[in-house]
Amino acid sequence: MQQREYRLLVINPGSTSTKIGIFDDERSVFEKTIRHDIEKINTFEHIIDQYEFRKNVILETLDHEGINVSKLSAVVGRGGLLRPIEGGTYNVNDIMLEDLRKGYSGEHASNLGGIIAFEIAQGLNIPSYIVDPVVVDELAPLARVSGVPEMERKSIFHALNQKAVARRVAKQLGRPYEDLRLIVTHMGGGITVGVHEQGKVIDVNNGLHGEGPFSPERAGTVPVGDLVSMCFSGEYYADEIMKKLVGNAGFVGYLGTNDAVEVEKRIEEGDEKAKLVYDAMAYQVAKEIGAASAVLNGKVDAIVLTGGLAYGKDFINQITERIAWISDVIVQPGENELQALAEGGLRVLRGEEDAKEYPNQPVKQSI
Ligand SMILES: Nc1ncnc2c1ncn2[C@@H]1O[C@H](COP(=O)(O)OP(=O)(O)O)[C@@H](O)[C@H]1O
Ligand SMILES: CCCC(=O)OP(=O)(O)O
């Protein structure tokens, strides 16, 4: 049996699931995806209200598996809607906890990653970290301009998995990530299409607050005039509109489920509405990839399709049919987030990298 140096608990709260893993150094010894029903998630008014529920689910799962947390060296969580920052591994500190609790840049399940990691680690007197949070911001100045002076485009995306998968693909292609021009499309509860150039994500749709394709639970880009009318119809409070767009749109809005497997089952049973919505999501993803290819002047080394939805064969076929003319399409279903979290923590534990202190140098705005 190989001797381990470090044992890490890694925690990845997504919009539709909580994923956890135990890593002995780089080696995964336990992984579990705990899926959450939309009905259960909808019983909580705010993301922070899910704290006890998600933490208990994690602790119960570990207990059930007979995993003794007292042997851990560190806890690493996926982080959250903080201020825009550069990528890397960050210590969970007080300012970060405050920003995660209030949702500095909005509400998303990943806000809970740092908070739960901190709570578990504190009880054990070990460090807690977050790695490449969803607010990693490497946008080019051109990509920041929205067209409305009061609004700047923001970088909110699956930074952790997009970077991890891009590096994995670079390895497969035998080239440095920094030399490649990639379009990485993560398709999970949210969908983000990132333009990777010289090792940076220079443009990406804001996967949370209404940009890009609709997703299992989010609206993506919507007709703006109609949205303004809805906001001022007198029928909704602001937080109701936000929940409609983020959480209750996409599959959930049209079909009442965030589960693509369930949608595929309905299609097989002849449900035409399910088919139209599923096909429309594939269509919108392909359209966004087409737009991303224009950012790179059509010179694209590879298009990568990843995330839970990439397991859907028909979904991937539909997207590929529309984009294969642009470049090679590489499908990497699922995600590499647990491994990426573990590796980010290990780099710091081994002294290969210093943990960054939040909020170190917030990213500059362009105008
Ligand atoms: N085998 C599969 N075939 C099709 N879709 C799948 C499959 N497995 C998971 N999915 C879908 O992927 C989506 C979740 O993706 P995931 O990346 O796990 O999301 P998140 O991390 O945002 O919770 C769900 O809609 C789920 O139904
Ligand atoms: C907030 C962008 C990242 C995201 O959408 O994550 P999930 O797909 O896990 O909800």
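In each ligand, atom 1 is the first atom listed, and ligand 1 is the first ligand listed.
- Checked for salt-bridge contact, E352 and R347 miss the test: no charged N lies under 4.0 Å from a carboxylate O.
- For atom 10 (N) of ligand 1, the closest non-hydrogen atom of the protein is G308 O, 3.4 Å.
- For a threshold of 3.5 Å applied to N or O pairs, the pair formed by G188 and ligand 1 contains no separation below that value.
- Of the possible polar contacts, one joining the Q162 side chain to the V184 backbone as a donor-acceptor pair under 3.5 Å is found.
- Looking at E343 and F23, their side chains never come closer than 4.5 Å, going by heavy atoms from C-beta outward.
- Residue V261 approaches ligand 1 through these ligand atoms, each under 4.0 Å from one of its heavy atoms: 2 (C), 3 (N), 4 (C), 5 (N), 6 (C), 7 (C), 27 (O).
- At a 4.0 Å heavy-atom cut-off, ligand 1 touches R35 through the side chain alone.
- Connection of I183 to V204 is not established within any shared hydrophobic cluster, with ILVMFWY side chains joined at heavy-atom distances below 4.5 Å, either directly or through further cluster members.
- Counting heavy atoms from C-beta outward, R153 and N206 have side chains that stay 4.5 Å or more apart.
- Under the 4.0 Å criterion applied to side-chain N and carboxylate O atoms, D137 and R144 are assigned as salt-bridge partners.
- Considering both main-chain and side-chain atoms, P216 never comes within under 3.5 Å of ligand 1 through any nitrogen or oxygen pair.
- Residues passing the side chain to side chain contact (heavy atoms under 4.5 Å, CB included) test with E288, sequence neighbours excluded: V193, N205, P213.
- No path of Ile, Leu, Val, Met, Phe, Trp and Tyr side chains, each step under 4.5 Å between heavy atoms, connects V261 with L255, placing them in separate hydrophobic clusters.
- Geometrically, ligand 1 and E335 share no nitrogen or oxygen pair separated by less than 3.5 Å.
- In terms of protein heavy-atom proximity, atom 5 (O) of ligand 2 is closest to R218 NH1, 2.5 Å.
- Side chain to side chain, H158 and T192 meet the donor-acceptor criterion of an N or O pair below 3.5 Å.
- Checked against a 3.5 angstrom limit, the closest N/O atoms of G14 and ligand 2 fall outside it.
- Considering backbone and side-chain atoms together, E337 places no N or O closer than 3.5 Å to any N or O of ligand 1.
- The neighbour count for D94 CG, taken as heavy atoms of other residues, nucleotides or ligands under 6.0 Å away, does not exceed 12.
- Heavy atoms of E335 come nearer than 4.0 angstrom to ligand 2 in no pair at all.
- Proximity of N258 to ligand 1, defined as any heavy-atom pair under 4.0 Å, is confined to the backbone N, CA, C and O atoms.
- Salt-bridge formation is detected for the pair E26/R350: a Lys NZ or Arg NE/NH1/NH2 atom is positioned less than 4.0 Å from an Asp or Glu carboxylate oxygen.
- When each atom of ligand 1 is checked for a heavy atom of G189 under 4.0 Å away, the hits are 19 (O), 20 (P), 22 (O).
- The distance from ligand 1 to the heavy atoms of G312 drops below 4.0 Å at these ligand atoms: 3 (N), 4 (C).
- Nearest non-hydrogen protein atom to atom 26 (C) of ligand 1 is A260 N, 3.9 Å.
- The shortest separation from a heavy atom of K313 to ligand 1 is not under 4.0 Å, leaving the residue out of contact.
- With respect to atom 2 (C) of ligand 1, the closest heavy atom belonging to the protein is Y311 CB, 3.2 Å.
- Note: no N/O pair closer than 3.5 Å links G307 and ligand 1 by distance alone.
- Not one N or O of L208 is nearer than 3.5 Å to an N or O of ligand 2, by distance alone.
- Taking each of E217, M187, H158, E107 in turn, the one with a heavy atom nearest to atom 4 (C) of ligand 2 proves to be H158.
- Given atom 23 (O) of ligand 1, the protein heavy atom at minimum distance is T16 OG1, 2.5 Å.
- Judged by the 6.0 Å and 45° rule, K273 forms no cation-pi pair with Y254.
- With a 6.0 Å radius and a threshold of 12 heavy atoms from other residues, nucleotides or ligands, K19 has its NZ atom above the threshold.
- Side-chain atoms of T18 and H36 include a donor-acceptor pair closer than 3.5 Å.
- Two rings, from F315 and Y278, have their centers less than 6.0 Å apart.
- Contacts between E262 and ligand 1, counted as non-hydrogen atom pairs separated by less than 4.0 Å, are absent for every part of the residue.
- In terms of protein heavy atoms, atom 9 (O) of ligand 2 is closest to R78 NH1, 3.2 Å.
- Close approach to G189 involves these atoms of ligand 2, each under 4.0 Å from a residue heavy atom: 8 (O).
- Interface of G190 with ligand 2, defined as ligand atoms under 4.0 Å from a residue heavy atom, comprises 5 (O), 7 (P), 8 (O), 10 (O).
- At the top of the distance list for atom 18 (O) of ligand 1, counting protein heavy atoms only, stands K19 NZ, 2.8 Å.
- R167 forms no cation-pi arrangement with Y177, by the criterion of a distance under 6.0 Å to the ring centre and an angle within 45° of the ring axis.
- The shortest N or O to N or O distance between H186 and ligand 2 is not below 3.5 Å.
- Of the protein's non-hydrogen atoms, I156 CG2, 3.7 Å is the one closest to atom 1 (C) of ligand 2.
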